[in-house]
Amino acid sequence: MTSELNSYDVVVIGGGGAGLSAALMLGRTRRSVAVVDAGEPRNSPASGVHGFLTREGMNPLDLVTAGRADVQVYGGVIVPGTAVDVASTDNPHDRFRTTLDDGTVLLSRRLLLTTGLTDVLPDIPGLHERWGQEVLHCPFCHGWEVRDQHIGILGTGAMSVHQALLFRQWSSSITLLLNDTVEPTEEEWEHLAARGVTVVDGSVSRVLNQNDGGTLSGVELTGGRVVPLQALVVAPRFVANSGIFAGLGLAPVQHPMGVGEHLAVDDMGATGVDGVWAAGNVANLMLQVLPSAASGSMAAMAINNDLMAEELQQDLAAHRESSTATPSSGAAHSSAAVISSADSSSAAAPRDSRMGAEVS
């Protein structure tokens, strides 16, 4: 049975950078907020977070631990577990019902979805085992760590040529493995030659590791040829973790670059379902940790303003009912603070509530 303590202003589903950043902001606006977190961040295989100012190289799990502590300072509740069902209710206050895998039920006025995405990798033996280590995809996240090494680019689609050209900034030894998948255009062949990228034909049959479990040592092609490498770049398919939100009427859409699917949102993270926002990789497949956290903050401000607008309407209705029941002989604005004309020059100008709080 759901207790009153399980009712919140906002339930955030997903406890990564976006979700925790949003919960922090919501806590600071004095909103009650719960963060549902399964404890399995997408970047957990990586040894460190990069490009995050003041947190450069920090272990991803340590970053989550620090983020949870920040949220709890402002009264945010971290709820361990996995959301298995999300639905709308008929209650005008507790509009959403989130059910966890252990049967816990959380009710909320608003929902923020920060469930991230899943990296779908090619089914090549040995590849998954080194994912997040020597097998990587983002040069801005991990390029520095593999600088000046022998780097292979596993052909998976149209983006592979771009990856080869881009990683050339970090190393002069780049090998594009066509993998019976990539067919460069005439212009792309010229670009590859100009950048000194080696191109290898043939399908990759497996990824080789030193001593059967150590660091990556290369790839083996069908037919037995071995290409020595120290790092391997692959473009996974990005799939938003959005399946449980289908009951809300939310369905993922294809990314315009053809790299996967995500939930469509507006500039502040609002989805097409009233009362539901999304932030981080579930809404934007390309975000690193820092901009993902920023998107969570922006969504939190929008959610707070939406709640404030709802509360204003409720207060107005109560105020008008009270005013009608007990007419006053005074001015119509007697219950509100009034700034005299003498003080009007020092009054603050109204702010567009849609933009939320200023960021300092």
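The figures here come from the full heavy-atom set of this structure, side chains too, leaving out hydrogens, waters and symmetry mates. Each residue takes its place number in the sequence, starting with 1.
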Distance in Å, [X] [atom1] paired with [Y] [atom2], rounded so as to fall on 0.5 Å steps:
X: Cys138; Y: Phe167; atom1: SG; atom2: CZ; result: 7.0 Å
X: Ile303; Y: Arg109; atom1: CD1; atom2: CZ; result: 11.5 Å
X: Thr271; Y: Asp266; atom1: OG1; atom2: CG; result: 8.5 Å
X: Ser242; Y: Leu113; atom1: OG; atom2: CG; result: 9.0 Å

Could you report the tightest heavy-atom contact between [X] and [Y], atom names first, then the distance?
X: His142; Y: Ala46; answer: CE1-CB, 4.0 Å
X: Gly15; Y: Leu20; answer: O-CD1, 3.3 Å
X: Leu112; Y: Ala22; answer: CD2-CB, 3.2 Å
X: Thr114; Y: Gly14; answer: OG1-O, 2.8 Å
X: Ala231; Y: Val146; answer: CB-CG1, 3.8 Å
X: Pro41; Y: Val64; answer: CG-CG2, 4.4 Å

TODO: Evaluate the criterion side-chain contact (heavy atoms from CB on, under 4.5 Å) for residue pair Val239 and Leu117; output intermediate values, then yes/no.
DONE: CA-CA 5 Å; Val239 179; Leu117 62 80; 5.9 Å; no
Within 6.0 angstrom of [X] [atom1], more than 12 heavy atoms from elsewhere:
X: Glu186; atom1: CD; value: no
X: Asp267; atom1: CG; value: no
X: Glu183; atom1: CD; value: no

[X]/[Y] ion pair, N-O < 4.0 Å:
X: Arg31; Y: Glu311; result: yes
X: Asp37; Y: Arg68; result: yes
X: Arg95; Y: Asp90; result: no
X: Glu190; Y: Arg195; result: no

Open item on the list: Please list all pairs meeting ring-ring contact (aromatic ring centres under 6.0 Å, His included) that have one or both residues in residues 99-131, counting only residues at least two apart or in different chains.
Closed with: Trp131-His137
Open item on the list: Which residues pass the ring pair (Phe, Tyr, Trp, His ring centres under 6.0 Å) test with His150, not counting sequence neighbours?
Closed with: none
Side chains of [X] and [Y] only: does a donor on one sit below 3.5 Å from an acceptor on the other?
X: Asn241; Y: Thr118; answer: yes
X: Asn91; Y: Thr89; answer: no
X: Glu261; Y: His255; answer: no

Task: Transitive ILVMFWY side-chain link Leu176 to Leu166, under 4.5 Å - done: no
Without placing hydrogens or testing angles, list every side-chain donor-acceptor pair under 3.5 Å for residues 278-300, not counting sequence neighbours.
| residue | atom | partner | partner atom | Å |
| --- | --- | --- | --- | --- |
| Asn281 | OD1 | Arg42 | NH1 | 3.2 |
| Asn281 | ND2 | Asn284 | O | 3.0 |
| Asn281 | ND2 | Leu287 | O | 3.0 |
| Asn284 | OD1 | Met286 | N | 3.0 |
| Ser295 | OG | Gly280 | N | 3.0 |
| Ser295 | OG | Ser292 | O | 2.7 |
| Ser297 | OG | Ser21 | OG | 2.7 |

